[in-house]
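Read through the structure below, which is laid out as structure tokens, and then see the notes.
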Amino acid sequence: MLRFLTRRALGAIVILICISIITYIAFFAIVPDPARLSCGAKNCTPQMLEQIRINLGFNKSIPVQYWDYMHGIFFGRNFPAFGHCVAPCFGYSFADQEPVWTLIKSDYPTTLTLAVMGALMFLVIGVGLGMISAWKPGSTFDRIASSLSLIGQSTQIYFIGPLLIVLFVVDLGWLSRGSDPTWSTNPVGSITGMLLPAFTMSVIFWSNYSRQVRSLMLEQLSEDHIRAARAKGMSKTYVFMRYALRGAMGPIVTIFGIDLGAVFGGAIITEYTFSLHGLGTLAVSSVNASDLPMEMGVMLFSAASIVIFNVIVDASYALIDPRIRLA
Amino acid sequence: MTTLAKPEADPVPSNGDAFLSVRDLKVQFATEDGVVNAVNGLSFDLERGQTLGIVGESGSGKSVTNLTILGLHNMRKTTVSGDILLDGEQLVGASDHELSKLRGNKMAMVFQDSLAALSPYYTVGRQIAEPFMKHTGANKREAHDRAVEMLERVGIPQAKTRANDYPHHFSGGMRQRAMIAMALVNDPQLLIADEPTTALDVTVQAQILDLLKDLQQQTGTAIIFITHDLGVIANVADEVLVMYAGRCVEKGTMRQILKESQHPYGWGLLSSIPHLSADVDVPLMPIPGSPPSLLNPPSGCAFHPRCAFRDQVPDDRCVTDRPVLDLANGHFSACHLTPAQKQSIFTEQIQPRLG
């Protein structure tokens with residue numbers, strides 16, 4: 001298990017380095033002279049331009065800039081204009097000269113809360129519905145759940161979001177419109193404020209999971225070891241929960257691992273739909289403003305989240321299926 | 001014997017108070033294409049300490065019969081009629097709750113493919129311990145100790161450590177032993193073995209058969225042994241029942257079926273076994289054609305499209321009348337040939353081939 005985790009962790013670091021290089025190159029490919037952007041269109045003298053270049057390090061070659069940036073993340077960095085920036089230093093936003101780290105720290109909880117709550121919701125709902133459908137395939141419940149899945153799969157967050165706001169906020173008044181979480185001061189409010197956005201996000205995911213779980217469970221239930229367990233006298237419920245569900249969980253965890261990227265993507269769209277302030281909003285505004293440090297920060301953070309969750313998912317897969325542990 | 005009085009039921013010699021008594025068992029499955037008559041009026045008896053071999057091709061209904069005894073079909077799509085009496089207790093129509101108290105306890109099953117029949121997710125010890133906990137109310141510790149004891153009994157070395165291994169750590173023969181341990185953990189009085197040696201190589205096969213025989217001698221368990229391998233049958237069975245298209249076509253002692261079969265299908269089975277001592281230049285004689293569809297079985301005798309001897313029965317009775325199971329030359333067979341014809345065909349044409 002330890003070897004497995006170290007190997008995965010090393011792989012994760014390589015992936016993150018690749019992502020950071022690609023983001024860097026992509027940025028300079030699109031914006032050849034970022035200093036000019038920072039300087040503004042009017043009143044930009046060559047002296048100012050030169051000063052900005054020195055302040056932000058654009059006078060150095062791109063590989064050197066990249067090295068300075070990466071070095072800053074681990075050991076801190078000195079900026080002529082801002083002084084020493086302590087590790088983890090992701091630089092200063094071009095747009096408003098704020099440290100990137102501060103902005104990410106304040107906006108990241110929204111995205112993470114949304115992603116985690118949304119994922120928990122669609123896993124619980126999806127797996128639950130799939131299991132009930134598989135318990136009696138062809139039943140009325142099964143048919144209704146299948147139709148609902150189809151609707152869920154063919155809809156979009158920005159469509160279903162406003163719909164749910166009208167239903168739960170305006171008409172029924174059960175939930176709030178959604179607010180950014182403040183975990184340190186108001187943990188309960190952080191959860192309740194996220195219920196509607198997280199549920200909205202879960203709708204487009206759980207339909208897929210309920211269908212997958214249903215078919216995986218049915219496949220498992222037709223296996224020999226299920227029949228053998230029944231022949232031992234184990235009850236239908238026991239076999240369903242302990243044998244069939246256990247067998248279905250492996251593939252579900254795999255699918256979830258693949259979906260992680262989509263989950264973060266979904267969280268970003270959901271933030272936008274509900275006017276929340278998370279990484280998504282930050283990402284879009286920084287790309288629009290050609291704000292390299294911000295872009296890098298958001299990219300690395302989202303990528304690191306996905307990669308870390310992926311390692312966790314893989315590790316749990318090994319827990320579920322003993323046959324994986326050898327590898 | 002007046003066999004025509006009740007044409008659907010096979011006549012049976014005993015009075016029906018055997019340990020396991022199956023009477024006129026019919027099993028039908030509703031499928032999209034129609035009703036499949038998987039078992040059609042099967043009757044047999046089995047006493048404690050005895051082994052009944054059931055032989056037949058794939059789809060002859062042998063596995064269905066045994067799953068029906070255990071009550072393991074999807075009951076919403078299956079119709080079962082007739083009687084299954086286990087120690088006097090009626091199993092046809094019994095609730096799943098009642099049956100699950102018997103399964104793994106009074107009656108148990110060993111499956112063909114041990115890799116598929118053991119769950120990959122739990123240790124071998126746990127899977128053996130499960131039915132023990134369920135049926136005796138033992139706690140985890142006691143059940144684990146029992147599992148280790150069972151593994152020792154079926155001849156697995158270092159049973160203590162092996163109990164904590166997963167099925168994929170075991171070799172095929174070891175897994176089959178573990179599965180036998182799992183079936184026998186509650187000392188069942190009826191053991192159904194569904195081709196337990198088919199997936200094993202020949203040397204391991206012999207070990208498993210010996211193991212089953214030893215365990216039977218110790219416990220007096222009644223065994224139903226399903227196989228298509230007549231060589232295996234010769235090793236284990238006291239009585240043999242040959243099934244074809246959901247019916248019993250021949251029934252007798254192991255010696256009677258293997259040495260003096262009275263049915264064209266039985267002859268076919270015997271002629272298609274390769275013999276080590278036989279002349280290598282004499283080709284095997286397989287049974288022509290393939291097993292009939294149970295959705296739409298042939299009229300009359302279900303075997304008639306593949307039978308080489310139907311010309312010897314007058315008036316095409318093989319196509320119009322279904323032969324009943326009747327005593328001919330010492331044991332039961334269902335065939336329109338007269339006992340004299342059977343005897344002469346067997347001694348003149350079949351026996352020489354068997355060497």
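The sequence lines fix the lettering, A, B, ..., with proteins before strands; numbering per chain opens at 1. Everything quoted here is computed from the prediction, not taken from an experiment.
- For the pair A:F159 and A:I204, the minimum side-chain heavy-atom distance is 4.5 Å or more.
- With chain A as the partner, the residue from B:L115, B:L72, B:D113 showing the most heavy-atom pairs under 4.5 Å is B:L72.
- Of the atoms belonging to B:L70, it is side-chain heavy atoms, and not backbone ones, that fall under 4.5 Å from chain A.
- A cation-pi geometry, defined here as NZ or CZ lying under 6.0 Å from the six-membered ring centre and within 45° of its normal, holds between B:R162 and B:F170.
- Atom CG of B:L67 sits about 10.0 Å away from atom OG1 of B:T78, to the nearest 0.5 Å.
- A heavy-atom distance below 4.5 Å is found between the side chains of B:I84 and B:T68.
- Side-chain contact between A:K232 and B:Q127 is present, with heavy atoms from C-beta onward closer than 4.5 Å.
- B:G34 and B:T31 get closest at one heavy-atom pair: O-OG1, 2.7 Å.
- Contacts between residues 89-97 of chain B and chain A, defined by a heavy-atom separation under 4.5 Å, are made by B:D96.
- Under the 6.0 Å distance and 45° angle rule, B:R126 does not count as a cation-pi partner of B:Y121.
- Between chain A and the residues B:E130, B:M109, B:K134, the most heavy-atom pairs under 4.5 angstrom are made by B:E130.
- Only the side chain of B:M182 comes within contact range of chain A, with at least one heavy atom under 4.5 Å from a heavy atom of that chain.
- The structure places OG of A:S149 at 9.0 Å from CG of A:N208, a figure rounded to the nearest 0.5 Å.
- In terms of non-hydrogen atom pairs under 4.5 Å with chain B, the most contact-rich of A:S235, A:G247, A:A229 is A:G247.
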